[in-house]
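To start, the structure under review is shown below, and the notes come after it.
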Amino acid sequence: MLAVLPQLLVSGVATGMLYALIALSLTVGYRATTVVNFGHGDMVMAGAYAALVLVGWGLPYAPALLLALAGLFLLGAATQRALLQPILAGPHLSLAMMALAIGYAMRGAARMEWGSEVVTLPRPYEQDAFMLGTVVLTMDELVIAGVVLALLAALVVIINLTPVGRLIQAVFQSQRGAALVGLDVHSFHGAMWGAGAALGAAGGILLGLLVPLTPDIGVYTLIRGFAAMTLGGFGSPIGAVVGGVVLGVMEKLLGFYVSTVFIDITAYLVTILVLLIWPSGLFGRRAAVRV
Amino acid sequence: MTDAAPIANPTGKSGRSKPPAARQRRTLFWAVPLLLLPLPLFLDQYKQYVANLILVYVPVAVGFNIVIGNLGLLAFSNVAFFGIGAYASGVLALKLGWPWWTTILPAGLMGALAGCTASVPALRGVRLFYLAIMTLAFGELLRWVYIRWVPVTGGSFGMSVPQPSVLGWTLSTEGQKFYVFLVLAVLAVVLTDRILRSRFGRAFMAIKDNELAAAAMGIPTDRYILLAFAWSGFVVGIGGSMYAALVGHVTPVAFDLTELILEFAVVMVGGLGSLVGSVVGAAVITAAPEFFRGLPGAQELLFGVLIVLVILFLPRGLASLLARLHPIFVDRHYRD
Amino acid sequence: MATPDAILVARGVEAGYAKKQILFGLDFSVSRSEVVALLGANGSGKSTALNTVSGFVRPQAGSIRFEGAEIAGKAPHRIFRLGVVQVSQARDLFSEMSVEENLRLGAWVRGGEVARLLDGVYQSFPRLAERRRQMVRLMSGGEQQMVAIGRALMADPRILLLDEPSGGLAPSFVAEIAAIIKALKARGIAMLIIEQNIKLALSVADRFLILRDGRVSQQHDVKAGMREEEIVRRIYL
Amino acid sequence: MASLLEISDVSVRFGGLVAVDGVSLAVGAGEICALIGPNGAGKTTLFNAVSGNAAISSGRILLKGEPIHGLAPHQISAKGVRRTFQNGGLFAGLTALENVLVGLHAKVGSGFLGLLAGARASERAESSSTEQARALLDLMEVGHIADELASDLSGGQQRIVEIVRAIATEPPLLLLDEPAVGLAPHMREQLVRIIRRLAAEQGVGILLIEHAIELVMAVADRVVVLNYGRKVADAPPEQVRADKAVLEAYLGHA
């Protein structure tokens, strides 16, 4: 039984990196607006399909993916500015419903186009696997881990070393303070939702390596994103990353040593138990939610 | 100047209609169903099925609306109550051989029990998006129970529910089901109306508006939050039982997130916190997809857009339009 | 009332939140290099007045002109760009950043010469120069207030709106803040100040307005020398 | 004779901040005691301590000689301490009448199952309390707005309905948090009348926070002045008005 532990850890971390990316993308939008985007999973889904379409048109891989991310940035920013900003001062109920409805419409659009076919994203590389001692590491897992690490590194650099990053930090620390130094907070909200959607789209494209694409993958990702966010502490970027990796590992360990049911329900259990028993999570401070 | 109206005179607001007298409302709740009685004469089996489905969604919407519209908590546990009710009826009928009508009350009670469970986070002070996420996870967790507890639930393929019967009479046609469903739907509306107009309903709305002030008025807020969830679970559970009887087949897929959005749409489009809205929403949202059969995705797209438009332009739902037509439709409208 | 060199002129401003109107036809003006204090009891509309000028509250009626341009109803960042800069009551600093980072962000939008501006702020606040690397969260309330005023100065304001600069500060800091405001006044910066501390307000202002029920009920020249007790009575008693 | 409300040596701390610092005061039945002082003096905190919305860190709060500190707000309310809120605590989505009925909540007493069964008893309880609520609104000169939604009332009407709601169960002690803020003069007169009547006719003990001094002078039997969380004066209104320490409290340091 213990012999498989390293294998479980490795594939758990690889999947967990993906969850981390999705949780991080949710966190970006949440930190900017203190609204949890219940339609975020569908942005993830849309990113994967956008990449599929662009690659299908014969575009080379790199520009196709970049274009997909740019498209999702615009979509995220536009829906935020046009549909959420006007009701941002309103009740949470409307905000939650609005985000759900936007996602629902996107899912419907995807289903109209690809509803009956199972499609997979073509890979620009061979589907190899490597042996590290007794541990099998697939090329897909390597790519996921590599891309997520590269994205995280880029984010760390942007946030800590660039003027834009400074500004992002400033808004996260005090929205009102940012407005007092002359920032256009509304545009910033839109841009952050766009950034969240684009990051989520990157997650969606990577997810396409692990599971076949359907219009419903958004739900799958949303739940895991929530769970990772909750575990790491709502609103904490580091928490989102760590929470995602821990969740990935937990799914694999519980799924193997306890019951395969846990592959599916770990995320739900984590969400419920953490919020009930330990609401601040690993890195969270007191919940900073607009009342 | 807000205080311009002298205290001795009534504020001369002529446009606002007063809440109708209780008797007038009761007339509405009994007269509309009475008018519907001959309906099965005019509908074919399929249209009758749709009409019955609308009746299923009446208690579902009424129950869901109590928690999000009247109590004002962002809790998404309604699909869990719906599923529990359906499975309770299904299991009792299929495995224990109970006639369907005897499973209605147990289904409601199971729903109420689920309601009490789902209220735990709210009682521990969880609110807003956190509550939404937790209750959503609760519902999804239950769905995995349905999928995995194969000996009882039949797993992903679900279970067939025997033909429903009432007092020994088998309901073999959709028309026959219609009358039973109509009674249940009317009961759900009338009883919930009683609650909402009583000190209990006032307490729910007081909690929604200002929990602090509600407690300062001596309202034990925890007890009322529990009660609202329990009644919500009870009513929605009965809706689940009706669903099992109507469709004859209970599967986990019927209780996924798509169902949640559908029920959310019923309440939002109909009118948050409004009983009339629950009924109107159930009718509109249930009937609409029937125009898009065979066009997968179109329904979701349309609903998504419809809900977006309602939130932006008609935040109090269709009920607010009706209320403008006649004061009898004036209801507890959602306010922010 | 509006002298020829008035830079900020509010006329008939009505504003409030949701269903609660707070300002009922507010009129006032601030001249170039003038310091005007807004006094009034709780709920008289002082903060709402300031927030309406800076764009955080959208007026329902009335006009607010800054250097001749209508700014009523404009977004806060547009008003800021004109040089109307607010120091809020809660200060709203970037608490996880250093003093210098906070100051630099102050210059970010108006884009003056950062080095020169920084020098200027450090000269006015030697205490901040000593602690330029310190995280703001770890500073005392009085020091944070200096950072907040310093951050506003980094935007090279044409008029400074100060919301209770002495609020919640220990007496020793109150004196220091008063000295700072006087120094700014000497540099010719126009200011509109809300202040509960009447002694402080009178020591820095040229003119004071008493707000009552959302409009200006009285205005007086500080030089006219009304007795403090009399002012307290007119505001509160 | 023991006072109705006795606050003895009460302190409230939030983190390092001492919001209320060893304050003692007493309010007797039928007595109107006003609490004044500059912003941040700790008036509302002291109120919250009495109503159970803030925990005290030392001292005692007694109602009719019985300790009430440490109880939940709804329990304190049930013991007969009712309050109004500074920023308007009316339930906006309910009518004026329904707001008062919420105040009467504990007295309506219809059971849940009886209600569902449509029992006569619960209907009777509802209709008799409705009559009672209407009568109260009439008594307080706001009967004509009984069926208006609270959010449609003017600020002054809201204040009065909030007071009616608070006194619906005839509590021995009433806490009023800035009842006159934003009220037009004629509404203030009405408010003064109502507060005096409550104390004189029903023997309600009233503790009120107020900035509008003319109102305080008109209604209060005694004025307690707080500054920086401490009590600096406790005397009849005219005396307080002339008190040097009180003026100093409002002037601040410079």
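All heavy atoms count here, side chains included; hydrogens, waters and symmetry mates do not. To find a chain, count down the sequence lines: A is the first, B the second, and so on, and within it residues start at 1.
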Query raised in the report: Is any side-chain heavy atom of B:F64 closer than 4.5 Å to a side-chain heavy atom of B:V266?
Result: no
Report task. Tell me, for B:F138 versus chain A, whether the close heavy atoms (under 4.5 Å) come from the side chain, the backbone, both or neither. Result -> both
**Report entry** A:I238 atom CD1: more than 12 heavy-atom contacts under 6.0 Å
**Finding:** no
Query - Heavy-atom check, side chain of B:T251 versus side chain of B:S156, under 4.5 Å - result: no
Query raised in the report: Do any of residues 141-149 of chain B have a heavy atom less than 4.5 Å from a heavy atom of chain A, and if so, which, in residue order?
Result: B:L141, B:W144, B:R148
Query - Donor-acceptor contact below 3.5 Å, side chain B:N65 vs main chain B:G273 - result: yes
**Report entry** Pairwise side-chain contact, A:P237 with A:R31, heavy-atom cut-off 4.5 Å (strictly under)
**Finding:** yes
Report summary line: Checking heavy-atom separations under 4.5 Å from chain B, one finds in residues 244-257 of chain A none
Requested in this report: Can you establish whether the number of heavy atoms outside B:M110 located under 6.0 Å from its atom CE is more than 12?
Outcome: no
Requested in this report: Check whether A:I223 gets within reach of chain B through its side chain, its backbone, both or neither, counting any heavy atom under 4.5 Å.
Outcome: side chain
Query raised in the report: Quick one: which residues of residues 259-271 of chain A reach chain B at under 4.5 angstrom, heavy atoms only?
Result: A:T260, A:V261, A:D264, A:I265, A:Y268, A:L269, A:T271
Query - B:F129 side chain near A:F234 side chain, heavy-atom distance below 4.5 Å - result: no
**Report entry** Any side-chain heavy-atom pair of A:Y30 and A:M229 under 4.5 Å
**Finding:** yes
Query raised in the report: Does a side-chain heavy-atom distance below 4.5 Å link A:M43 with A:M106?
Result: yes
**Report entry** From CA spacing to verdict: side-chain hydrogen bond (donor to acceptor under 3.5 Å, both in side chains), A:S187, A:R81
**Finding:** CA-CA 7 Å; A:S187 301; A:R81 282 309 300 271; 3.3 Å; yes
**Report entry** Winner by heavy-atom pair count (cut-off under 4.5 Å) against chain A, out of B:V126, B:I261, B:L306, B:L257
**Finding:** B:I261
Requested in this report: Look at the side chain of B:N78 and the backbone N and O of B:F264, then say whether any donor-acceptor pair between them is shorter than 3.5 Å.
Outcome: no
Query - Options B:T135, B:T258, B:L73, B:L131, ranked by heavy-atom pairs under 4.5 Å with chain A, top entry - result: B:T258
Query raised in the report: With a 4.5 Å heavy-atom cut-off, do B:L136 and A:F38 have their side chains touching?
Result: yes
Report task. Would you please test B:L262 and B:Q299 for side chain to side chain contact (heavy atoms under 4.5 Å, CB included) and show each step? Result -> CA-CA 10 Å; B:L262 193 79; B:Q299 174 204 326; 4.1 Å; yes
Requested in this report: Kindly determine whether B:T192 and B:W231 satisfy side-chain hydrogen bond (donor to acceptor under 3.5 Å, both in side chains), including the steps that lead there.
Outcome: CA-CA 9 Å; B:T192 303; B:W231 180 255; 3.1 Å; yes
Query raised in the report: With a 4.5 Å limit on heavy-atom distance, are the side chains of A:M192 and A:V171 in contact?
Result: no
Query raised in the report: Do you know which of B:V120, B:V308, B:D256, B:L260 has the most heavy-atom pairs with chain A at a distance under 4.5 angstrom?
Result: B:V308
Query raised in the report: Under a 4.5 Å heavy-atom cut-off, does chain A meet the side chain of B:M134, its backbone, both or neither?
Result: both
**Report entry** side chain to side chain donor-acceptor pair (under 3.5 Å) involving A:T230 - partner list, sequence neighbours excluded
**Finding:** none
Query raised in the report: Do you know which of B:L312, B:I311, B:I307 has the most heavy-atom pairs with chain A at a distance under 4.5 angstrom?
Result: B:I311
